[in-house]
Number of protein chains: 2
Amino acid sequence: MPKYEEIANIIRQRIKQGRYPANTLLPNQTDLVQEFDASRMTIKKAITILTMEGLVLSRRGAGTKVLDHSFWNKSTAPADQYRGMSRDLADIGKTLSSKIITFEVTFPTPEIKERLMLADQQPVYKIIRLRIIDGVNSVLEHTYMPVSLVPGLTDDVLAQSIYTYLKENLHLTFAGAFRNIQADKADEYDQQYLDCAPTDPVLEVEQVVYLDNGQPIEYSRSRNRYDRRGYTFLDVKNT
Amino acid sequence: MPKYEEIANIIRQRIKQGRYPANTLLPNQTDLVQEFDASRMTIKKAITILTMEGLVLSRRGAGTKVLDHSFWNKSTAPADQYRGMSRDLADIGKTLSSKIITFEVTFPTPEIKERLMLADQQPVYKIIRLRIIDGVNSVLEHTYMPVSLVPGLTDDVLAQSIYTYLKENLHLTFAGAFRNIQADKADEYDQQYLDCAPTDPVLEVEQVVYLDNGQPIEYSRSRNRYDRRGYTFLDVKNT
DNA sequence: AAGTGGTCTAGACCACCGC
DNA sequence: CGGTGGTCTAGACCACTTC
């Protein structure tokens with residue numbers, strides 16, 4: 001782990017423990033340079049990480065202020081494809097279980113082939129999972145993954161966390177994801193599995209997840225019961 | 001403008017012009033160091049910007065690849081509170097007009113007071129605007145802003161772009177925004193102004209926008225007709 | 001083994017905020 | 001005005017991919 005990440009972790013911990021209280025200033029960067037025996041560029045990089053997380057805010061000439069983020073900390077956990085839904089939910093004390101509706105190998109439609117950047121004739125997994133949060137049917141996930149990239153996928157893996165398997169067993173790392181969020185009417189599938197009325201809205205999160213070599217590994221549509229899941233995130237400017 | 005931003009702009013332009021075609025490698029960093037007469041740290045910072053925009057992908061040992069992002073370029077423009085909706089839409093050739101439904105000064109509810117981090121007795125603007133995209137009623141915006149931070153707000157400003165006014169007339173700069181997205185049923189207000197049926201879903205984007213000193217300047221709920229607007233963005237890992 | 005990007009340094013200059 | 005963070009450099013070492 002790079003030095004700037006370690007430093008960021010230490011400072012983050014101090015903020016959460018209250019050693020650096022909200023609405024006070026962090027020690028200035030030259031002091032941090034001394035404490036951590038690092039160059040100022042490295043300290044700056046650590047602070048940039050915390051800035052991106054919404055924990056602090058730096059202003060030229062005025063220091064780096066610890067922000068009070070308690071108000072949005074209470075609400076929904078931010079969705080994060082790199083950790084998997086189960087860990088996100090565990091953070092806020094909720095439990096997740098899964099029910100496999102469909103698990104098969106098929107050939108992709110032209111649309112899915114394009115999104116996964118596949119050559120002809122490459123098979124994909126088609127997976128439909130019902131995600132049950134605290135005992136309530138909440139999300140219906142339609143997922144497509146190239147078979148060639150994900151060997152050895154089994155029911156057991158699907159019942160737990162796919163992403164844990166990708167990371168820990170296949171040692172894959174991710175570059176990022178492209179997402180589109182929209183509202184939709186509940187279709188018959190949603191009504192059947194999410195226990196919702198024909199007039200209930202659904203929040204659909206469509207995403208393509210990329211490996212660190214640029215190859216898409218997943219195309220999915222997650223249909224969320226409107227009263228069970230929202231999508232929460234921070235959009236920080238610049239660096 | 002910092003040097004690394006200028007370099008990023010030049011490289012971005014070359015990518016868009018096809019001088020660095022998709023799926024080829026960028027010149028390596030030491031070559032770029034020579035061309036732009038900069039240090040490697042500066043070149044790296046420029047490339048990081050492009051990485052965050054999803055234009056390129058760097059891998060240790062393998063170079064920096066130009067990505068083919070044409071497939072999501074065609075879809076909805078990513079929402080960006082810093083430019084304002086009018087410019088986002090102009091990018092993809094759509095027109096925006098606004099109709100003011102409500103414009104008044106009032107005292108905030110406890111919830112809004114908390115989100116805007118206001119002391120007691122501070123008045124806020126309450127603004128409701130209907131946003132009309134290509135002639136179709138598409139978004140109903142409920143916006144609250146502290147009066148003290150936004151002097152001189154008028155009907156004329158509201159009819160155009162609030163954010164242009166904040167930036168160019170009041171010279172305010174922004175730190176970022178916190179957002180929550182969810183689906184909801186159309187309420188009577190939505191039905192009246194968005195011309196939608198009682199059974200139509202609505203996509204609600206709730207946001208708090210912060211100034212660069214950490215003070216919230218806007219709390220808003222944007223209710224989007226489900227068939228008119230989605231929310232699209234890139235989530236890139238790390239630096 | 002050669003070439004690539006990732007990290008890190010020690011020091012410098014500057015823009016900005018607040019007293 | 002002093003103190004702060006933002007930028008930039010020249011060079012170094014290392015981890016990784018590719019051949």
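The figures that follow rest on heavy atoms only: side chains count, while hydrogens, waters and symmetry mates do not. We name chains A, B, ... by the order of the sequence lines, and we start the count at 1 in each one.
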Taking [atom1] from [X] and [atom2] from [N], how many angstroms apart are they, rounded to a whole number?
X      : N      : atom1 : atom2 : answer
B/E6   : D/dT7  : CD    : P     : 13 Å
B/D212 : C/dA15 : CG    : C1'   : 14 Å
B/I7   : D/dT7  : CD1   : P     : 13 Å
A/K65  : C/dC16 : NZ    : P     : 19 Å
A/I43  : D/dT4  : CD1   : P     : 14 Å

From [options], pick the nucleotide closest to the side chain of [X]?
X     : options              : answer
B/T64 : C/dG5, C/dC8, D/dA10 : C/dG5
B/K3  : D/dT9, D/dG6, D/dT7  : D/dT9
A/K44 : D/dA10, D/dT7, D/dG6 : D/dG6

* **Contact nearer the 5' end of DNA chain C, comparing B/G63 with A/D37** =>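 In this pair, the answer is B/G63.
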* **Letter per nucleotide, 5' to 3', of nucleotides 11-19 of chain D [B base touched, S only sugar-phosphate touched, - untouched; heavy atoms, 4.0 Å]** => -B--BBBS-
By side-chain hydrogen bond (donor to acceptor under 3.5 Å, both in side chains) - contacts of [X] (at least two apart):
X      : value
A/Y20  : A/R14
B/S222 : none
B/N213 : none
B/T109 : none

* Asked: Among B/E206, B/E141, B/E204, whose side chain to side chain donor-acceptor pair (under 3.5 Å) with B/R221 holds?
  ->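 Of B/E206, B/E141, B/E204, side chain to side chain donor-acceptor pair (under 3.5 Å) with B/R221 is met by B/E204 alone.
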* **With A/E6 via side-chain contact (heavy atoms from CB on, under 4.5 Å) - residues at least two apart** =>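 Checked A/E6 against side-chain contact (heavy atoms from CB on, under 4.5 Å); matches are A/M1.
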* Asked: Got a sec, which residues hit side-chain contact (heavy atoms from CB on, under 4.5 Å) with B/D155, two or more places apart in sequence or on another chain?
  ->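 So B/D155 forms a side-chain contact (heavy atoms from CB on, under 4.5 Å) with B/I100, B/F103.
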Counting only side-chain nitrogens and oxygens, does [X] get under 4.0 Å of the OP1 or OP2 atom of [N]?
X     : N     : result
A/S58 : D/dT4 : no
B/Y4  : D/dT7 : yes
B/K45 : D/dC8 : no

For [X], enumerate each residue passing the salt bridge (charged side-chain N to carboxylate O under 4.0 Å, His left out) test, keeping only those at least two apart in sequence or located in another chain.
X      : answer
A/K113 : A/D120
A/R59  : none
A/R60  : none

* Asked: Between A/Y163 and A/F174, does the ring centre distance come in under 6.0 Å?
  ->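 They qualify: ring centres under 6.0 Å apart.
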* If only atom types and distance count, is the side chain of A/Q17 paired as donor or acceptor with the main-chain N or O of A/R12 below 3.5 Å? ->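 No; zero donor-acceptor contacts below 3.5 Å.
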* Asked: Between the two ends of the helix from C/dA1-D/dT18 to C/dG18-D/dC1, what is the bend in degrees, rounded to 10 degrees, where each end axis spans five pairs?
  ->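 One end's axis against the other's: 20°.
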* Of residues 24-36 of chain A, the positions that come close to DNA chain C - non-hydrogen atoms, cut-off under 4.0 Å ->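 Hits under 4.0 Å, by residue number: none.
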